[in-house]
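Note sheet for the following structure.
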Amino acid sequence: METVKAMKLLTLDEVADMLRKSPAQIRWMRHNGTGPRAARLGGRVMYREQDVIDWVNAAFEEDAKSA
């Protein structure tokens, strides 16, 4: 069995603050599959900080390609 490395988990509200969006916008993005990866842990939707960072970086890379 593979062990999980220590990571920072973020709540939906923390991700919304980080991305300067409302929690409703983050929920909608998750529903549409257009937001950062998330998982339901213990009944709560949680985000790994690194997944949010990777999602932001990918958006900047995609934008640079289209410019």
Side-chain angles (χ1 to χ4, degrees):
M1 178 192 292
E2 190 173 326
T3 59
V4 177
K5 296 178 182 178
M7 66 187 81
K8 183 172 182 182
L9 295 175
L10 303 172
T11 65
L12 183 133
D13 288 337
E14 290 170 327
V15 172
D17 287 342
M18 190 175 181
L19 299 178
R20 297 182 179 179
K21 295 195 171 287
S22 71
Q25 288 173 306
I26 301 299
R27 278 189 213 92
W28 182 250
M29 292 166 66
R30 182 168 185 263
H31 173 76
N32 286 330
T34 59
R37 277 178 61 174
R40 188 171 294 278
L41 302 171
R44 291 186 74 182
V45 174
M46 301 296 290
Y47 296 81
R48 290 184 292 203
E49 183 178 46
Q50 191 59 53
D51 286 341
V52 177
I53 292 167
D54 291 345
W55 181 82
V56 169
N57 288 336
F60 273 93
E61 289 171 16
E62 186 64 32
D63 189 59
K65 289 179 189 176
S66 65

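The shown structure was predicted, so the numbers you read here are calculated from the model rather than taken from an experiment. Because only heavy atoms are used, hydrogens play no part in the values below, and waters and symmetry mates are left out as well, while side chains stay in.
- The hydrophobic clustering, which links ILVMFWY residues whose side-chain heavy atoms are closer than 4.5 Å, places Met29 and Phe60 together.
- The two atoms that bring Tyr47 and Arg37 nearest to each other are CD2-O, 3.2 Å, heavy atoms only.
- Using modelled atom types and a 3.5 Å distance limit, the side chains of Asn57 and Glu61 yield no donor-acceptor pair.
- From Asp17, atom CG reaches atom OG1 of Thr11 across 8.0 Å, with rounding to the nearest 0.5 Å.
- Between the CG atom in Leu9 and the CG atom in Leu41 there is a gap of 6.5 Å [rounded to 0.5 Å].
- Closest approach of Pro23 and Ala16 over heavy atoms only: N-CB, 3.8 Å.
- Residue Trp28 is not grouped with residue Ile26 when hydrophobic side chains (ILVMFWY) are merged at heavy-atom distances under 4.5 angstrom, including chains of intermediate members.
- Taking CG of Asp51 as the reference point, atom CE of Met46 lies at 12.0 Å (rounded to 0.5 Å).
- A distance of 8.5 Å separates CZ in Arg30 from CG in Leu12, rounded to the nearest 0.5 Å.
- The two residues Glu14 and Leu10 come nearest to each other via the heavy atoms OE1-CA, 3.1 Å.
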